[in-house]
> 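Below: one structure in structure tokens.
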Amino acid sequence: MTAQPCVIAPSILSADFARLGDELRSVEAAGADWIHVDVMDGRFVPNLTLGPVVVEAARRSTSLPLDVHLMIVEPERYVSDFVRAGATTVGVQAEACVHLHRTIAQIKEAGARACVVLNPATPPDALSYVLGDLDQVLVMTVNPGFGGQRFIESMLDKIAVLRRWIDERGLAARLEVDGGVSASTIGRAAAAGADTFVAGTAVFGAKDYAHAIEALREAADLARRDDGREAGG
């Protein structure tokens, strides 16, 4: 199956929050495709970040799709709030959802794209019965909670399994990776089958955002071409 075009989604977890609007406008001008927003509650992960108010502020600062990842317990309680705030995609952790199918339906009914996220220790089988309902799958390539962590190489097998299932079932779901993504790791994730890449430090830690985004895109596209997945339109 012809792959979807590569998507680069800078994560604002690594941005300067004192200048968030400027940061978002800068990465949009630099060629970012989406903006990734990490929401943490201090319970599901050992960190606190932001809520719907910041998503609403981000929505006012960029026209790019907002890819919102809810690393929180009971995400179903807040889905509608984040969609109203401007989320294009809402990602929920499989491990946090008692009724995963119901939560996916709730995201779609609220008007957003539905994504389910798998932590490193969670097998792809967790998605067996809901994969066809998803717009996106996110494989965490670090343990969630903090930026700047090292890419977990063993996640490449999980990415490959999910890529095979998506292709075999003829699905259009995007396959996203988040954690330790850089110009030196993105190629391996792309070769395994990922088509959407969250990068925090690799973009916001660079002096030249445009150069950083282009380096990521070139490395991903090269790996996909070498693996026989042409990045079509």
Side-chain angles (χ1 to χ4, degrees), residues 5-42 45-51 54-55 57-71 87-89 91 115 117 119-120 138-156 159 174-192 194-224:
C6 168
V7 163
I8 305 296
S11 169
I12 66 171
L13 186 63
S14 300
D16 181 352
F17 272 70
R19 310 174 41 251
L20 184 57
D22 290 339
E23 291 273 67
L24 292 174
R25 287 185 285 271
S26 293
V27 293
E28 180 172 1
D33 300 297
W34 297 355
I35 299 296
H36 187 79
V37 182
D38 289 307
V39 178
M40 307 181 194
D41 63 0
V45 291
N47 197 3
L48 285 167
T49 53
L50 48 85
V54 177
V55 173
R59 179 71 289 155
R60 293 195 300 268
S61 299
T62 179
S63 62
L64 295 178
L66 298 181
D67 183 35
V68 178
H69 176 192
L70 302 183
M71 287 174 269
T88 308
T89 301
C115 173
V117 188
N119 275 348
L138 169 53
V139 175
M140 292 302 299
T141 44
V142 298
N143 288 290
F146 300 94
Q149 298 184 68
R150 181 175 296 181
F151 186 92
I152 301 174
E153 296 287 338
S154 58
M155 294 302 100
L156 295 173
I159 295 166
R174 281 198 163 272
L175 182 51
E176 184 175 34
V177 293
D178 181 6
V181 173
S182 67
S184 64
T185 61
I186 194 171
R188 295 194 292 282
D195 54 40
T196 304
F197 307 91
V198 177
T201 305
V203 174
F204 286 108
K207 292 182 178 179
D208 186 331
Y209 293 170
H211 177 75
I213 291 169
E214 184 58 27
L216 290 167
R217 195 183 307 281
E218 286 182 356
D221 284 344
L222 177 61
R224 296 169 81 203

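Just so we're clear, the structure is a prediction, and the values are computed from it rather than from any experiment. Quick note: numbers below take in every heavy atom, side chains included, and nothing from hydrogens, waters or symmetry partners.
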> Taking all non-hydrogen atoms of both residues, which atom of G180 and which atom of T185 are closest, and how far apart?
O-OG1, 2.8 Å

> Report the distance from atom OG of S26 to atom CZ of F204, rounding to the nearest 0.5 Å.
8.5 Å

> Decide, yes or no, whether a salt bridge links D195 with R224 under the criterion of side-chain N to carboxylate O below 4.0 Å.
no

> Kindly compute the distance separating CZ (R150) from CG (N143), expressed to the nearest 0.5 Å.
14.0 Å

> Before you tell me yes or no, could you show the steps for D67 and I35 under side chain to side chain contact (heavy atoms under 4.5 Å, CB included), namely the whole-Å CA-CA distance, both residues' side-chain angles and the distance that decides it to 0.1 Å?
CA-CA 6 Å; D67 183 35; I35 299 296; over 6 Å; no

> Ignoring hydrogens, what is the shortest heavy-atom contact between A32 and I213? Give both atom names and the distance.
N-CD1, 3.7 Å

> Once you round to the nearest 0.5 Å, how far does CD1 of I186 lie from CZ of F151?
9.5 Å

> Between E23 and Y209, is any pair of side-chain heavy atoms under 4.5 Å apart?
yes

> Does L66 offer a backbone N or O that forms a donor-acceptor pair with the side chain of T88 under 3.5 Å?
yes

> Work out which heavy atom in R188 is nearest to a heavy atom in E153; give both atom names and the distance.
NH2-OE2, 2.7 Å

> May I have the step-by-step check of side chain to side chain contact (heavy atoms under 4.5 Å, CB included) for W34 and L64, ending in yes or no?
CA-CA 5 Å; W34 297 355; L64 295 178; 5.7 Å; no

> Is a side-chain N or O of T141 found less than 3.5 angstrom from the main chain of V181, in a donor-acceptor match?
no

> I need the D16 CG to L20 CG distance, nearest 0.5 Å.
8.5 Å

> Consider side-chain contact (heavy atoms from CB on, under 4.5 Å). Of T89, L138, V203, I8, which one does H36 pass it with?
L138

> Stepwise, does the side chain to side chain contact (heavy atoms under 4.5 Å, CB included) test hold for R217 with D221?
CA-CA 6 Å; R217 195 183 307 281; D221 284 344; 3.7 Å; yes

> Once rounded to the nearest 0.5 Å, what's the spacing between atom CE of M71 and atom CG of D41?
9.5 Å

> Examine distances only and state if a side-chain atom of S14 and a backbone atom of T201 form a donor-acceptor pair shorter than 3.5 Å.
yes

> Out of L70, V54, L50, L13, which residue meets the side-chain contact (heavy atoms from CB on, under 4.5 Å) rule with V37?
L50

> Roughly how far, to the nearest 0.5 Å, is the CG atom of L222 from the SG atom of C6?
12.0 Å

> Does some side-chain heavy atom of V7 sit less than 4.5 Å from a side-chain heavy atom of R174?
yes

> Looking at every heavy atom in both I159 and A189, which two are closest together, and how far apart are they?
CG2-O, 4.1 Å

> Quick check: does any side chain N or O of R19 sit under 3.5 Å from a backbone N or O of A15, one acting as donor and the other as acceptor?
no

> Backbone N or O of R25 within a donor-acceptor pair of the T62 side chain at under 3.5 Å?
no

> Ignoring hydrogens, what is the shortest heavy-atom contact between V27 and P10? Give both atom names and the distance.
CB-CG, 4.3 Å

> Report the residue from D178, V39, V198 that forms a side-chain contact (heavy atoms from CB on, under 4.5 Å) with H69.
D178

> Ignoring hydrogens, what is the shortest heavy-atom contact between A202 and A206? Give both atom names and the distance.
O-CB, 3.8 Å

